[in-house]
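Just below is one structure, and these are the notes that go with it.
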There are 2 protein chains.
Amino acid sequence: MGLSERKEREKLEMREMILSAAKRLFIREGFDSVTIRRIADEIEYSPATVYLYYKDKDSILCALQETGFRELSRRMEVLSSIAHPVDRLKASGKIYCDFALENREMYDLMFIMRAPMNALPSPEEWTVGRHSYELLQSTVQDCVDGGHISTPDAKIATFALWALMHGVVSIFIRERAPMIPADQHSRIISKIMEFSLANVVK
Amino acid sequence: MGLSERKEREKLEMREMILSAAKRLFIREGFDSVTIRRIADEIEYSPATVYLYYKDKDSILCALQETGFRELSRRMEVLSSIAHPVDRLKASGKIYCDFALENREMYDLMFIMRAPMNALPSPEEWTVGRHSYELLQSTVQDCVDGGHISTPDAKIATFALWALMHGVVSIFIRERAPMIPADQHSRIISKIMEFSLANVVK
DNA sequence: ATTATTTGCTAAACTATGTTCAGTAAATAA
DNA sequence: TTATTTACTGAACATAGTTTAGCAAATAAT
């Protein structure tokens, strides 16, 4: 009988309901509105029910974070149509930073907040995030191979470039540069990319 | 009569008691142990009393953060004895990152957490942090003036260098690079500084 | 068809947090 | 000696995440 299959399917549908309710709240009202009770309201079940489908809140945030990584990956797909590795590298940086500034709270959840990391399945099953990172790494490697970046270690260069971008956007997102008004963030990022790549890329 | 003076002094002493209790808890048991009730226990007063000396918890965290900035500034003092701007720049980076890795939670409070920023007196009275930043900026300016860094805008270069360092340490502190074990953080940072300065500094 | 069991769900409670407020007792002023 | 101000606190409020005991309906067994 296909009973257990149906049960399995219903369980997945419920998880999906919870996740999309969480996402709706997150998008519409921000991170602080994503509470177990609000999610429960949204799906018209009791708070305790949520715990029958997700171990804890951090697991929900982890699943939510994953949707963010998927969206970022999706945006990175255009890179495959850019032949020159330097152009590809520049485009990577722009896509990354644009994503961060356009989805500040999601970026925060993905790269800054502690909570979702407490629920990572395992240190290795970090697949969604790793995919984007390996894409960047291969772009940098292409730059090195093409003689556009000179370094003995492409992995270090990759990490440095990521760190630079993450550094800038996280300073803005967590408001550590109050001297710079928000409407200039995008411009400053462009200038920083310009400066850095001018020195790194030949 | 010096009565109001005494009152004023006692008020300051009480604020100091609360702050040092908070700091003690922070150092000994970590951020999560810094609760109003634990602070109250520590100073042997009731939780409500704490609110007679600090507006809210964020104000206490803000004051705590300030002690961190003072310590960082203190560590930066050795820079004045380094004549060559490039050496000074390298030393700045090392001091900054060493501080971050040796005082992860304090760094977190200073540069990552939202809470203490909610209690900033004003956007301008950011004096403690700005002092360190201006020091870095003048070092970078010296590098530019000496022809060691080529850029049309020393301010952008300064911001980029800070962002790079902040990026790396905050990735580590918030555990976004699980592929890199903690005992290699310091080594990776050295390599990144090496790579970046090799390209930026002549 | 009836009984037993499992499943899905929930009301209520528990713990912990930041925070407020009414009231008390001591210090000060009148 | 009385009035007032000051310093403090107990108790409560609101909001979290989370757990547990139990109920009712769906399913399985007899």
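Atom set for the values below is all heavy atoms of this structure, side chains included, hydrogens, waters and symmetry mates excluded. In what follows, chains are A, B, ... by sequence order, proteins preceding strands, each numbered from 1.
Tested against B/Leu25, the residues B/Thr35, B/Asp32, B/Val34 include a single side-chain contact (heavy atoms from CB on, under 4.5 Å) partner, B/Val34.
Note: CE (A/Met14) to P (C/dT10) measures 7 Å, nearest angstrom. Going from atom CG of B/Asp56 over to atom C1' of C/dT19 covers 9 Å, rounded to whole Å. Whole-Å rounding puts the B/Lys57 NZ to C/dT20 P distance at 15 Å. A straight line from NZ of B/Lys55 to C1' of C/dT20 spans 13 Å, rounded to a whole angstrom. Atom pair B/Ile36:CD1 and D/dC13:C1' shows a separation of 16 Å (rounding to whole Å applied). In this entry the distance linking CZ of A/Phe31 with P of D/dT15 reads 18 Å, nearest Å. In this structure, OH of B/Tyr51 is placed 17 Å from P of C/dA22, rounded to the nearest angstrom. Note: NZ (B/Lys11) to C1' (D/dT6) measures 10 Å, nearest angstrom.
Side chain of A/Arg37, nearest nucleotide from C/dT19, C/dC9, D/dA16: D/dA16. With D/dA7, D/dT18, D/dG10 as the choices, the nucleotide that has an atom nearest any side-chain atom of B/Tyr53 turns out to be D/dA7. Checking C/dT17, C/dT10, D/dG17 against the side-chain heavy atoms of A/Ala48 singles out C/dT10 as nearest. Each of C/dA11, C/dT19, D/dA16 was ranked by its minimum atom distance to the side chain of A/Thr35; first place goes to D/dA16.
With contacts defined as side-chain heavy-atom distances shorter than 4.5 Å, the pair A/Ile180/A/Ile171 does not qualify. Contact of the A/Asp153 side chain with the B/Phe195 side chain is not registered, since no non-hydrogen atoms from C-beta on lie closer than 4.5 Å. In this structure, B/Met117 and B/Leu120 have side chains that are in contact, with non-hydrogen atoms separated by less than 4.5 Å.
Mapping B/Val34 and A/Leu52 onto DNA chain C by nearest heavy atom places A/Leu52 closer to the 5' end of the strand.
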Working note: B/Asp56 + B/Ser59, criterion side chain to side chain donor-acceptor pair (under 3.5 Å); need CA distance, chi angles, decisive distance, verdict.
CA-CA 6 Å; B/Asp56 54 22; B/Ser59 303; 2.9 Å; yes

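Across all strands, A/Thr49 comes closer than 4.0 Å to base atoms (heavy-atom distances). Using a 4.0 Å heavy-atom distance criterion, A/Tyr54 is classed as making no nucleic acid contact.
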